Structures are given as C-alpha cells and as structure tokens.
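Report on one structure; see the data block that follows.
Worth knowing before you read on, the calculation uses all heavy atoms, side chains too, and leaves out hydrogens, waters and symmetry mates. Since the structure is predicted, the reported quantities are computational estimates derived from the model, not experimental observations.
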Amino acid sequence: MKYSRLTKEQFEELHQEFINFLASQSITADEWTEIKQQKPEVAEQELDVFSDLVWEGVLNQAKYIEHISPQQMHLFYAMEEHMHVIAVQLKNAIDLTTRDGYNWLRENLMDENVEFLQAKKAYTEDKNLDKFTLIQQGGIISKGDLYKFFDKLIN
C-alpha cells in the first residue's frame with residue numbers, strides 16, 4: 001500500500017465508488033460478501049488498492065496544502081516542477097490555531113513579531129507522495145485562499 005487505508009467513514013462516503021470499483025473487476029455484491037468471509041486477506045487487498053486509487057486521484061488534484069501550528073503557518077503551492085512555500089512565523093506567544101490568535105495576525109500583519117519567509121521545495125521522485133507526507137504531518141488540502149493572499153502581500 002502506497003498511502004493509507006481510508007477510514008470507515010471515508011469508505012461509507014465513497015460507497016458507490018467502491019461498488020463501481022468492484023464492478024470494474026467483475027466482482028458482484030454476492031462475490032464480495034463471499035470474499036470477505038472466505039478470503040479476508042483478499043478483501044483487505046481490495047480495500048488497500050481502492051484506498052490508493054482514491055488517494056492518487058485526490059493528490060493529483062491537490063494544488064494547495066496548509067499547515068498551521070501555534071507559532072507558524074506553512075502554505076504550500078504544488079507547482080509542476082516544485083512546491084513554493086510561504087511561511088508565516090510569529091515571534092511572540094500568540095497561538096495561530098485559535099480564533100483570537102488568527103484575528104491578531106489579520107490585524108497585525110506588519111507587526112515586528114510577524115516574519116515572512118519563502119522557499120522552493122524540490123519534489124522527490126514521487127510528487128504525490130510528497131503531498132501525502134505533508135498531509136500526514138497535519139497539513140490540509142485547501143483552495144489556496146491563504147496562500148494567494150500572502151503571495152500578493154509579500155511579492
């Protein structure tokens with residue numbers, strides 16, 4: 001398995017897609033029930049293959065990933081050849097993960113306690129795995145509004 005297995009909730013949300021996936025392999029509902037009962041290891045493999053297919057599709061579409069921690073905000077833009085990252089770092093005790101902290105940042109962007117950094121992050125041999133790693137580390141896929149805002153602000 002390349003990524004991680006989808007959660008039970010994610011499988012429930014993708015129920016119809018999973019049925020279509022099984023149908024594409026000529027596995028009927030009755031055959032799936034039989035596989036789960038008599039060959040659980042095969043069922044596990046099917047779940048893993050489907051999970052990887054879903055992740056691959058999601059990661060192919062992911063252009064922006066945000067990772068916000070109490071003192072830092074990392075905003076990634078997945079370009080074709082590399083990722084561009086904008087980092088916002090606080091030098092004070094304000095917590096960006098709270099509403100008050102985020103509001104403080106909005107009102108104090110030019111404060112001496114706010115530092116902006118930019119970098120180019122090269123991909124490894126697997127661009128989607130790089131994105132997945134960021135998500136596993138706490139990043140979330142976004143529409144890029146924060147990235148675009150800060151990109152305009154500092155560039």
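Of all heavy-atom pairs spanning Ser51 and Met1, the tightest one is CB-CE, 3.5 Å. The minimum heavy-atom distance linking Leu109 with Arg106 is given by the pair CG-O, 4.0 Å. When every heavy atom of Leu129 is checked against every heavy atom of Lys2, the shortest pair comes out as CD1-O, 4.0 Å. Annotation for Ala62 and Ile141: closest pair CB-CD1, 3.9 Å, computed over non-hydrogen atoms. Annotation for Ser4 and Gln136: closest pair OG-OE1, 4.4 Å, computed over non-hydrogen atoms. Here the shortest heavy-atom pairing between Ala87 and His74 reads CB-CD2, 3.6 Å.
For Phe11, the ring-ring contact (aromatic ring centres under 6.0 Å, His included) test picks out Phe18, Phe50, with sequence neighbours left out. Every residue meeting the ring-ring contact (aromatic ring centres under 6.0 Å, His included) condition with His84, not counting sequence neighbours, appears here in chain and number order: Tyr147.
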Show your reasoning for whether side chain to side chain contact (heavy atoms under 4.5 Å, CB included) applies to Lys131 and Ile65. CA-CA 8 Å; Lys131 294 178 193 179; Ile65 298 173; 3.8 Å; yes
Please walk me through it: do Ile154 and Gln118 pass side chain to side chain contact (heavy atoms under 4.5 Å, CB included)? CA-CA 9 Å; Ile154 62 177; Gln118 297 185 75; 3.6 Å; yes
Please test Leu153 against Met110 for side chain to side chain contact (heavy atoms under 4.5 Å, CB included), starting from the C-alpha separation and ending with a verdict. CA-CA 10 Å; Leu153 181 71; Met110 296 304 147; 3.6 Å; yes
Side chain to side chain contact (heavy atoms under 4.5 Å, CB included), that's the test. Do Ile19 and His15 meet it? Break it down for me. CA-CA 6 Å; Ile19 290 170; His15 180 75; 3.2 Å; yes
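Annotation: side chain of Met73 is in contact with side chain of Tyr102 (closest heavy-atom distance under 4.5 Å). Counting heavy atoms from C-beta on, the side chains of Tyr123 and Met83 come closer than 4.5 Å. Between Ile68 and Leu146, some side-chain heavy-atom pair lies under the 4.5 Å cut-off. At least one side-chain heavy atom of Leu96 sits less than 4.5 Å from a side-chain heavy atom of Leu105. Within the 4.5 Å cutoff, side-chain heavy atoms of Gln37 are placed close to those of Thr33. Within the 4.5 Å cutoff, no side-chain heavy atoms of Asp48 are placed close to those of Gln45. At least one side-chain heavy atom of Lys127 sits under 4.5 Å from a side-chain heavy atom of Glu80. Considering only heavy atoms from C-beta on, Arg5 comes within 4.5 Å of Glu44 through its side chain.
In the hydrophobic clustering of ILVMFWY residues, with side-chain heavy atoms under 4.5 Å counting as a link, Ile140 and Val54 come out apart. Under the 4.5 Å side-chain heavy-atom criterion for Ile, Leu, Val, Met, Phe, Trp and Tyr, Leu75 and Val85 are members of distinct hydrophobic clusters. Cluster annotation: Leu6 is connected to Trp32 through the hydrophobic network of ILVMFWY side chains, with a link wherever side-chain heavy atoms come within less than 4.5 Å. Note: the hydrophobic cluster containing Trp104 also contains Phe116 (ILVMFWY, side chain heavy atoms under 4.5 Å, direct or indirect links). By the rule that hydrophobic residues join a cluster once side-chain heavy atoms approach within less than 4.5 Å of another member, Tyr64 and Val58 end up as members of separate clusters.
In summary, the side chains of Thr124 and Asp126 do not present any donor paired with an acceptor at a separation below 3.5 Å, with no hydrogens or angles considered. Between the side chains of Gln10 and Thr7, at least one donor-acceptor pair of N or O atoms lies under 3.5 Å. For the residue pair Glu56 / Tyr3, a side-chain donor-acceptor distance below 3.5 Å is found, with atom types taken as modelled.
The number of heavy-atom neighbours closer than 6.0 Å to NZ of Lys121, taken from other residues, nucleotides and ligands shown, is 12 or below. The neighbour count for Glu12 CD, taken as heavy atoms of other residues, nucleotides or ligands under 6.0 Å away, is above 12. Summarising the local packing, CD of Glu81 is surrounded by 12 or fewer heavy atoms from other residues, nucleotides or ligands at distances under 6.0 Å. No more than 12 heavy atoms of other residues, nucleotides or ligands sit less than 6.0 Å from atom CD of Gln61. Applying the 6.0 Å contact sphere to CD of Glu13 captures no more than 12 heavy atoms from other residues, nucleotides or ligands.
Summarising the geometry, atom OG belonging to Ser142 is positioned 11.5 Å from atom CZ belonging to Phe76; distances are rounded to the nearest 0.5 Å. Of the inter-residue distances, the one linking Asp111 atom CG with Lys91 atom NZ reads 9.5 Å to the nearest 0.5 angstrom. Note: Glu34 CD to Lys39 NZ = 7.5 Å, rounded to the nearest 0.5 Å. Separating the CD1 atom in Ile86 from the CZ atom in Phe150 is a distance of 8.5 Å, to the nearest 0.5 Å. Atom CD1 in Ile94 sits 8.5 Å away from atom CG in Asn113 (nearest 0.5 Å). With values rounded to the nearest 0.5 angstrom, Glu112 atom CD is found 9.5 Å from Asn92 atom CG.
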